[in-house]
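Remarks on the structure that follows.
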2 protein chains.
Amino acid sequence: MPDNPQQDNAQKDRPQKEQPRRQARGERRIAQLLEAAASVFSTTGYTAASTNAIAREAGVSPGTLYQFFPNKEAIAIELRDRLMHEMREAYGEALAPVDPATPLEEAVGAAVDRFIAFNCDHPVFYTLMHGPDIPGRITEAHDVLHATLISRIEGLLHSLLPDARPAEVTRTAHVCFGMYKAGLELVLAHEGAERDAYVEEVKKVLIRYLEPLVGDRLGTAHATAAKSTP
Amino acid sequence: MPDNPQQDNAQKDRPQKEQPRRQARGERRIAQLLEAAASVFSTTGYTAASTNAIAREAGVSPGTLYQFFPNKEAIAIELRDRLMHEMREAYGEALAPVDPATPLEEAVGAAVDRFIAFNCDHPVFYTLMHGPDIPGRITEAHDVLHATLISRIEGLLHSLLPDARPAEVTRTAHVCFGMYKAGLELVLAHEGAERDAYVEEVKKVLIRYLEPLVGDRLGTAHATAAKSTP
DNA sequence: CCAGAATGCGAGCGACCGCTCGTGTTTGTC
DNA sequence: GACAAACACGAGCGGTCGCTCGCATTCTGG
């Protein structure tokens, strides 16, 4: 068991996890702790972040932290769940509506802009979602989420190129997601105007990768050999 | 100090690190230990890999391990250095010679093929080079190496598009490297025919990204609508 | 053959980590 | 005001980790 067998003496036989009646103070503490956790996670990564450091950052004792979270993992899960909720709420179904007549540039640009904006506002999101540092159970929930994201992209792709073998669509979706992920990392590594420039590069990568696939369907006149002289 | 302040009571005031005269047995042990380290690192990552586990995998005691390496970091560094040497030796200056007349497809394809082949043969290379799990000093050496790689790509790009502002060339190089890295991750996550398919996708991504930049320079008639009939 | 160096062992040190628990304080309810 | 529940504290428990140290064994040069 080369995993992370440090300890796992958490609660186990609790089919219903009935939490104690929270007071307003408790809710405030939870928010405080999650904010501190976001800070610590995004600067040191998940495994290197110690619960004592999170408690210290929040200005409380380790015992207080464990009043509200059964273990370290639960902190990350709750944080991720809240971020996911906030994202859905802010951007709705970001790439769900696959308007079949939208030009490729617009569809890709909008999706990339939204996701990147959210990640820039909440740096910890990248750490939790795409960080390779996450052990055990968290990953399982992430895998589900990752799969739904991929299938969203697949759906979008399917509406763009109805005549393609499913395996290829899946592969293309994985490539798009991987490239987006890499682009996001590049974007987060820069700031200001340079950051904006990288955002445009990411869009270019995706658009140019997908352009030949959608071909010149409909009247969308994107041209790989087009010039600025009409 | 959120770094890794576990211990650092290694040797410090040793300007010349004069190693003891190695015997053949010692060299064998070193190779054995590095092989074990490669296995453990690539399956558990750097930080999660324990030196005791490496020693156990190599079939020796922890004390023996520290006979040959001053600390855990040195194992990773030596491993990386040997891999780098092996790579230079196997593929020469992989993307150094910037033949200015090579078609884009060929240049990108060759470079991608070489790098990916090497990474497939030595999975630990990805962990050590691109793994986000590496603390402290190792990263410094990696940054140097990363910078030289980027400047190699810049050089290659400069020969392809001589009339481009340096900042843009740098940015393009970073994008190419990031996309290659993401593609490598995708490739390593699959096997057999699927893996080969992903390799081709990575090439497509890079070629299509760079194609509009090089335009139709010279007579290299790469065409997004080109066929296989000469 | 033998002195000394190189190699090998493994219990264990010190540090940190996730987490607990006994105790004390604050808050809501009657 | 009384009482229980929720909240807060922080020393410390059990554990792993990187690494050491004293000692035994094997190799090498003279």
Side-chain angles (χ1 to χ4, degrees), chain A residues 1-12 18-33 36-37 40-41 44-76 133 135-138, chain B residues 1-12 18-33 36-37 40-41 44-76 133 135-138:
Chain A
M1 52 203 81
D3 222 333
N4 188 12
Q6 195 120 350
Q7 276 97 301
D8 49 329
N9 42 351
Q11 87 293 8
K12 45 170 61 176
E18 50 175 309
Q19 287 155 338
R21 271 189 61 261
R22 294 257 108 97
Q23 301 181 348
R25 190 172 31 145
E27 296 290 352
R28 249 181 287 129
R29 277 275 180 261
I30 290 179
Q32 205 173 124
L33 283 164
V40 177
F41 282 155
T44 70
Y46 175 77
T47 44
S50 84
T51 54
N52 289 15
I54 295 174
R56 202 181 317 121
E57 173 88 11
V60 303
S61 86
T64 299
L65 186 153
Y66 283 92
Q67 187 90 27
F68 301 102
F69 299 98
N71 50 51
K72 182 179 173 181
E73 199 173 26
I75 305 174
D133 189 21
R137 314 289 262 286
I138 315 182
Chain B
M1 53 203 83
D3 224 334
N4 187 14
Q6 195 121 349
Q7 278 97 298
D8 48 327
N9 41 352
Q11 87 294 7
K12 45 171 60 178
E18 52 174 310
Q19 287 155 339
R21 273 189 59 261
R22 295 257 109 96
Q23 302 181 348
R25 188 170 35 141
E27 297 289 352
R28 249 181 287 128
R29 277 276 178 259
I30 290 180
Q32 207 174 124
L33 284 163
V40 177
F41 283 156
T44 71
Y46 174 78
T47 45
S50 85
T51 54
N52 289 16
I54 295 174
R56 202 181 316 122
E57 173 87 12
V60 303
S61 85
T64 298
L65 186 152
Y66 282 93
Q67 186 89 27
F68 301 102
F69 300 98
N71 50 50
K72 182 179 174 183
E73 199 174 26
I75 304 173
D133 191 19
R137 314 287 264 285
I138 315 181

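To find a chain, count down the sequence lines: A is the first, B the second, and so on, and within it residues start at 1. Treat the numbers as computed from the prediction; the structure is a model and nothing was measured. Quick note: numbers below take in every heavy atom, side chains included, and nothing from hydrogens, waters or symmetry partners.
Among the atoms of the strands shown, only primed sugar atoms or phosphate atoms (P, OP1, OP2) are found under 4.0 Å from some heavy atom of B/Gly26.
Remark on DNA chain C: of its neighbouring residues B/Gly63 and B/Glu27, the 5'-side contact belongs to B/Glu27, judged by nearest-heavy-atom nucleotide. Judged by closest nucleotide on DNA chain D, A/Pro62 is the one of B/Arg25 and A/Pro62 placed further toward the 5' end.
Computed from coordinates, the A/Gln67 CD to C/dT27 P distance equals 15 Å when rounded to whole Å. In this structure, CD of A/Gln23 is placed 9 Å from P of D/dA8, rounded to the nearest angstrom. The distance between atom CZ of A/Phe68 and atom P of C/dT20, rounded to the nearest whole Å, is 15 Å. Atom-to-atom, CG of B/Leu65 to P of D/dC21 comes out at 16 Å; the value is rounded to the nearest Å. The distance from atom CD1 of A/Ile75 to atom P of C/dG18 is 9 Å, rounded to the nearest whole Å. Distance A/Ile30 CD1 to D/dC7 C1': 11 Å, rounded to the nearest Å. One can place OH of B/Tyr46 at 10 Å from C1' of D/dG18, the figure rounded to the nearest angstrom. As rounded to whole Å, 13 Å separates atom C1' of C/dT7 from atom CD of B/Gln32.
A cation-pi contact, defined as under 6.0 Å to the ring centre and within 45° of the axis, is absent between B/Lys72 and B/Tyr66.
The closest donor-acceptor contact from the side chain of B/Glu73 to the backbone of B/Ile138 lies under 3.5 Å. The backbone N or O of B/Val60 sits nowhere less than 3.5 Å from a side-chain atom of B/Thr64 that would complete a donor-acceptor pair.
Here the side chain of B/Asn71 is nearest to one of D/dA6, D/dC19, C/dA6, namely D/dC19. The listed nucleotides are D/dC7, C/dC9, D/dC9; the one nearest the side chain of B/Ser61 is C/dC9.
Residues from residues 49-57 of chain A placing a heavy atom under 4.0 Å of any atom in DNA chain C, listed by number, are A/Ala49, A/Ser50, A/Thr51, A/Asn52.
Neither OP1 nor OP2 of D/dA4 sits under 4.0 Å from any side-chain N or O of A/Arg21. OP1 or OP2 of D/dA5 has not a single side-chain nitrogen or oxygen of A/Arg22 nearer than 4.0 Å. One finds no side-chain N or O of A/Thr64 lying less than 4.0 angstrom from the OP1 or OP2 phosphate oxygen of D/dC7. Look at B/Tyr66 and you'll find a side-chain N or O under 4.0 angstrom from OP1 or OP2 of D/dC19. For A/Arg29 and D/dA8, the shortest distance from a side-chain N or O to OP1 or OP2 is below 4.0 Å.
In terms of heavy-atom proximity, B/Ala76 sits nearest to B/Tyr46 at CB-CE1, 3.6 Å. Nearest heavy atoms, A/Arg22 versus A/Ile30: CD-CD1, 3.8 Å. Counting all heavy atoms, side chain and backbone alike, B/Ala48 lies closest to B/Asp133 at N-OD2, 4.4 Å. Shortest non-hydrogen contact noted between B/Val40 and B/Ala53 is CG2-O, 4.3 Å.
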> What's the verdict on side-chain contact (heavy atoms from CB on, under 4.5 Å) for A/Ile75 and A/Leu33, showing C-alpha distance, side-chain angles and the deciding distance?
Replying inline: CA-CA 9 Å; A/Ile75 305 174; A/Leu33 283 164; over 6 Å; no

